[in-house]
Amino acid sequence: MTDKDKIPETVSNVPEAAEAVVQEAPSPHEAKRFVWMAVISILLTIAAWVAGTFSGIVALIISAVAIVVGALALKSHRHAVRNTAITSIIAAAVLLVVIAAFLIVIYVGLKAV
């Protein structure tokens, strides 16, 4: 009897174990789609801030769209794209809350007089 006979076999099928570790990488088209969504979200947020100087209602609509597009971009696997989308969502949400609060206070205040 040799030492080889005493050692139990721990891995029965090495190719199956190797396949379990390998993860499928995202396709390059999918990654570019999320990058463009994050860029569009940033551009919409900037447009909402600029439109806020002219019309509050238009700024509300554009910032709501920017939040939705930014939320869709959060599915990206890249940290930079997700961070860009999160920044866009926060900036658009701040604008949305401030303008909505301002408009509500103005309309409620004017109706109370």
Side-chain angles (χ1 to χ4, degrees):
M1 184 178 252
T2 63
D3 288 336
K4 283 187 176 181
D5 295 336
K6 294 179 185 178
I7 299 174
E9 188 176 332
T10 57
V11 179
S12 60
N13 195 352
V14 176
E16 286 181 9
E19 287 177 10
V21 175
V22 176
Q23 296 177 354
E24 187 175 322
S27 67
H29 299 294
E30 181 180 79
K32 286 184 180 182
R33 177 176 55 135
F34 292 128
V35 170
W36 281 108
M37 290 174 99
V39 169
I40 290 170
S41 178
I42 285 286
L43 292 175
L44 284 172
T45 302
I46 293 170
W49 277 92
V50 171
T53 60
F54 303 110
S55 173
I57 303 296
V58 173
L60 283 173
I61 294 169
I62 295 174
S63 64
V65 172
I67 290 171
V68 170
V69 173
L72 293 174
L74 288 176
K75 293 180 182 179
S76 175
H77 296 289
R78 295 182 188 175
H79 293 290
V81 174
R82 280 190 295 196
N83 290 342
T84 303
I86 290 170
T87 303
S88 174
I89 290 170
I90 291 171
V94 166
L95 181 68
L96 185 101
V97 168
V98 169
I99 291 179
F102 179 73
L103 290 175
I104 291 170
V105 168
I106 292 296
Y107 287 134
V108 171
L110 287 176
K111 287 188 179 197
V113 174

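Just so it is clear, the values below take in all heavy atoms, side chains as well, and ignore hydrogens, waters and symmetry mates.
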When clusters are formed by joining ILVMFWY residues with side-chain heavy atoms under 4.5 Å apart, either directly or through shared neighbours, do [X] and [Y] land in the same one?
X    : Y    : result
L110 : F102 : yes
I42  : V94  : no
L60  : L95  : yes
L72  : V65  : yes
V58  : I40  : yes

Where [X] and [Y] come nearest, the two heavy atoms and their spacing:
X   : Y   : answer
V81 : A73 : CG1-O, 4.2 Å
H77 : R82 : O-NH2, 3.9 Å
A66 : S88 : O-OG, 4.4 Å
A59 : I99 : CB-CD1, 3.7 Å
I89 : G70 : CD1-C, 3.5 Å

Is a donor on one side and an acceptor on the other found under 3.5 Å between the side chain of T87 and the backbone of N83?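 Pair found, side chain donor or acceptor close to backbone of N83.
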
Can you check whether M37's main-chain N or O pairs, donor with acceptor, with S41's side chain at less than 3.5 Å?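 Not at all, since once roles are kept as given, no pair shorter than 3.5 Å links the two residues.
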
In this structure, which one of I62, V68, I67 forms a side chain to side chain contact (heavy atoms under 4.5 Å, CB included) with L44?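 Only one option passes, and that is I62.
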
